[in-house]
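All remarks here apply to the structure that follows.
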Amino acid sequence: MSQSGVSKQLDRDEKLYRIRHSTAHVMAEAVLREFPDAKIAIGPPIENGFYYDFDLPRSLTPEDLERVEEHMREIINEDHAFERAVISREEARRRFADQPYKLELIEDIGSEEDVSLYTQNTFTDLCRGPHVESTKQLNAKAFKLLSIAGAYWRGDEKQKMLQRIYGTAWETPKELRQHLDHLAEVEKRDHRRLGRELDLFSTHEEAGSGLIYWHPNGSRVRLAIEDYWRAEHLDNGYELLYTPHVGKSWLWETSGHLEFYNENMYSPMVLDNAEYYAKPMNCPFHIMIYKTQTRSYRDLPLRWGELGTVYRYERSGVLHGLLRVRGFTQDDAHIFCSPDQIEAEIREVLRFSLQVWKDFGFSDIKAYLATQPEKSVGEDADWERAVGSLIKAIDAEGLPYEVEEGGGAFYGPKIDLKIQDALGREWQMTTIQFDFNLPERFGMTFVDRDGKEKRPYMVHRALLGSLERFFGVLIEHYGGAFPVWLAPVQAVVVPVAPAFNEYAEQVKSELRAAGLRAEADLSDARMNAKIRAAQQRKVPYMLIVGENERNGHAVAPRLRTGEKEDAVAVEQFITRVQRCVSEKALI
RNA sequence: GCCAGGAUAGCUCAGAGGCAGAGCAGCUCACUCGUAAUGAGCAGGUCGUGGGUUCGAUUCCCACUCCUGGCUCCA
């Protein structure tokens with residue numbers, strides 16, 4: 001983007017910020033018309049819109065929103081100026097005497113400062129601004145109230161629950177339209193909807209919430225992902241492990257999970273007077289394997305990966321399809337190395353991650369670096385060294401990144417990678433975490449050149465995150481139309497009439513013999529219906545076969561994009577798809 | 001967990017204090033058909049679970065379970 005392009009973008013962001021903030025104020029005024037006794041809390045602009053929290057005598061209904069919108073349009077069209085005033089804290093306290101939430105906010109403002117107010121029409125809010133100059137700068141046709149939600153005062157569940165109204169606001173009705181279309185597209189791509197429509201997975205409340213059942217189609221995709229994952233890891237210097245699903249309390253006491261992670265763990269099972277816990281993480285198991293031998297510096301680095309299934313208790317309210325579950329398979333790995341290897345190792349992990357993301361069709365990636373929090377274990381010097389190597393690695397890979405000061409776990413700094421999907425949404429997937437804690441707790445050592453026992457560095461790394469969550473993101477990214485190498489069914493052979501069933505079956509067998517995932521639709525539906533069915537399943541290739549194709553040992557491909565191709569020999573088609581698979585082409 | 005909304009056929013959804021509905025999917029039958037739905041017929045439900053009101057509840061009331069949207073954006 002050019003320099004002026006950048007500043008234009010900033011201007012626009014600033015403009016939208018004011019519009020949204022001001023629209024929130026107009027909404028508050030409108031709500032006060034409906035509920036004169038309403039207590040108002042906060043109402044900031046947010047991405048794509050705004051919200052305002054209210055303490056109301058009764059619950060809002062969708063009809064209330066319509067009336068509030070109506071009032072808002074009136075206020076906007078009446079063209080009221082937004083007027084700023086600066087008053088003393090004393091005066092502000094008097095002014096908002098019947099607004100307890102505002103009084104609390106006033107107390108939070110530095111005692112030296114005066115406070116500013118913004119007034120439009122009958123409504124005055126404690127507010128830092130800025131705002132548009134007048135309500136006529138808002139467009140009565142470019143905003144919409146979207147939803148009602150509960151929200152704790154200050155996001156604290158010990159505080160009172162308020163009612164939040166979310167809205168969206170734009171400069172023009174066209175932009176609003178585009179945003180609403182975008183929301184509709186998000187809904188259409190919802191992995192839960194596509195999961196059902198494409199017969200990929202299910203969940204069963206009666207059998208346990210937050211636990212995923214992979215159907216044959218979903219499992220086909222997962223197998224493709226796992227096969228790729230294993231092959232890439234073996235090619236990139238990893239060894240693969242399998243470890244148990246449960247471990248005795250000794251393990252979790254030693255690791256510290258019982259002390260620090262208890263509320264996320266499933267309750268123990270008692271066997272032979274011992275308590276066994278379903279694992280919430282794989283790391284202690286990998287450490288057990290590490291400790292089966294005296295490790296030499298010559299053995300390091302050790303890169304050990306595992307598709308490890310873990311169970312974590314998540315509160316029922318936060319469960320969400322594949323994206324937030326109670327049982328999932330992490331594509332985990334632990335790297336054990338000497339301090340002088342750490343920088344190269346981190347860089348290698350990053351490089352490897354980016355390559356994998358590219359193969360799955362994601363290239364917009366941002367790094368988030370989380371540094372030492374107030375409470376932490378490990379020497380400050382180790383933290384510094386670790387953070388330094390993280391930054392060097394990020395720079396070396398040329399990734400854009402942001403620093404989250406103090407955002408690391410107590411046991412070490414980390415890099416998270418967020419990927420952007422086809423709809424521009426960011427998802428946190430990859431995490432690369434230092435651990436100064438576990439090597440200590442388990443007394444891990446390696447023998448260095450000088451014959452002395454030293455503590456290895458340990459890095460946890462989940463690349464895709466979890467297969468469940470990754471699958472959810474993958475479904476939404478592709479809207480269910482997976483690239484050929486991942487598609488559950490790569491080709492459906494469609495005979496134009498029953499007379500060609502036998503040939504269709506033969507073609508299917510040939511495709512399968514060539515390693516492709518193929519089906520022949522021999523149902524008694526008509527050809528058009530078969531095409532439609534395959535199209536709705538988002539199968540990449542439909543192969544139409546009739547008299548001509550049978551005579552020429554050929555197929556006439558139709559792509560799911562609707563494109564029709566001339567007939568080609570079966571062998572030729574196979575070669576083409578195999579290339580497409582090996583190149584992981586995004587078609 | 002908390003707030004709000006929801007739960008009716010496999011799916012999407014309509015309905016109403018008095019025999020439970022549609023479309024799609026499924027099953028059966030017929031059909032010689034060239035690039036997004038051939039036609040006819042059949043079957044399918046303890047109306048989320050438990051309790052209450054009522055002559056009668058899937059419908060009204062209460063509780064519970066689960067699902068959905070939020071509970072991160074800080075005047």
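The sequence lines fix the lettering, A, B, ..., with proteins before strands; numbering per chain opens at 1.
A cation-pi arrangement, defined by a distance under 6.0 Å to the six-membered ring centre and an angle within 45 degrees of its axis, is absent between A:Lys538 and A:Phe482.
In this structure, A:Phe54 atom CZ and B:C74 atom P are separated by 18 Å, rounded to whole Å. Distance A:Leu60 CG to B:G69 C1': 14 Å, rounded to the nearest Å. Distance CG (A:Leu126) to P (B:A75): 9 Å, rounded to an integer number of Å. Atom CD1 in A:Ile148 sits about 14 Å away from atom C1' in B:U68, given to the nearest Å. Whole-Å rounding puts the A:Leu198 CG to B:A25 P distance at 16 Å. Distance CG (A:Asn501) to P (B:U32): 13 Å, rounded to an integer number of Å. When rounded to the nearest whole Å, the span between CZ of A:Arg128 and P of B:C73 equals 14 Å. Rounded to an integer number of Å, the gap from CG of A:Asp190 to P of B:U12 is 12 Å.
Residues in residues 539-572 of chain A take part in these ring-ring contact (aromatic ring centres under 6.0 Å, His included) pairs, two or more places apart or across chains: A:Tyr541-A:Phe573.
Straight-line distance between the P atoms of B:U8 and B:C60: roughly 15 Å, to the nearest whole Å. When the C1' atom is used for both B:G6 and B:U49, the distance is 16 Å, rounded to whole Å. Taking the C1' atom of each, B:C11 and B:G18 are spaced 30 Å apart, rounded to whole Å. Between B:U53 and B:C61, the distance separating the two P atoms is 15 Å to the nearest Å.
Ring geometry, A:His182 versus A:His179: the interplanar angle falls under 30°, so the pair is classed parallel (tilted spans 30 to 60°). Classified by interplanar angle (parallel below 30°, tilted 30° to 60°, perpendicular above 60°), the ring pair A:His204/A:Tyr213 is perpendicular. The aromatic rings of A:Tyr52 and A:Phe54 sit parallel to each other, their planes meeting at less than 30°, with 60° as the upper class boundary. Taking the six-membered ring where tryptophan is involved, the planes of A:Phe260 and A:Phe410 are tilted, since the angle between them lies from 30° to 60°.
Residue A:Arg192 is classed as a sugar-phosphate contact, given heavy-atom separations below 4.0 Å to backbone atoms only. As judged by a 4.0 angstrom heavy-atom cut-off over every strand, A:Val318 is placed among the base-contacting residues. As judged by a 4.0 angstrom heavy-atom cut-off over every strand, A:Arg196 is placed among residues touching the sugar-phosphate backbone only.
The environment of A:Lys39 atom NZ is dense: over 12 non-hydrogen atoms of other residues, nucleotides or ligands sit within 6.0 angstrom.
The side chain to side chain contact (heavy atoms under 4.5 Å, CB included) test with A:Gln572 singles out one residue from A:Val570, A:Val568, A:Thr575, and that residue is A:Val568.
Contact annotation: A:Tyr166 side-chain N/O to B:C71 OP1/OP2 distance is under 4.0 Å.
Of the possible polar contacts, one joining the A:Lys102 side chain to the A:Ala41 backbone as a donor-acceptor pair under 3.5 Å is found. In this structure, the side chain of A:Glu565 does not engage the main chain of A:Ala556 through any donor-acceptor pair within 3.5 Å.
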**Complete:** Heavy-atom contacts, protein to nucleotides 33-45 of chain B, under 4.0 Å, summarised as B (base), S (sugar-phosphate only) or - (none) per nt, yield BBBBBB-------
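For A:Leu105, the side-chain atoms get nearest to B:A75 when compared with the rest of B:C2, B:G69, B:A75. Closest to the side chain of A:Ser209, from the set B:C71, B:C66, B:U12, is B:C66.
In the interface, the side chain of A:Tyr152 is not paired with the base of B:G70 through any donor and acceptor atom under 3.5 Å apart.
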**Asked** Which dot-bracket notation, 5' to 3', represents the base pairing of RNA chain B when pairs are defined as Watson-Crick or G-U with both distances under 3.5 Å, crossing pairs as [ ], and inter-strand pairs as |?
**Response** (((((((..((((....[..)))).(((((.......))))).....(((((..]....))))))))))))....
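Mapping A:His320 and A:Ile46 onto RNA chain B by nearest heavy atom places A:His320 closer to the 5' end of the strand.
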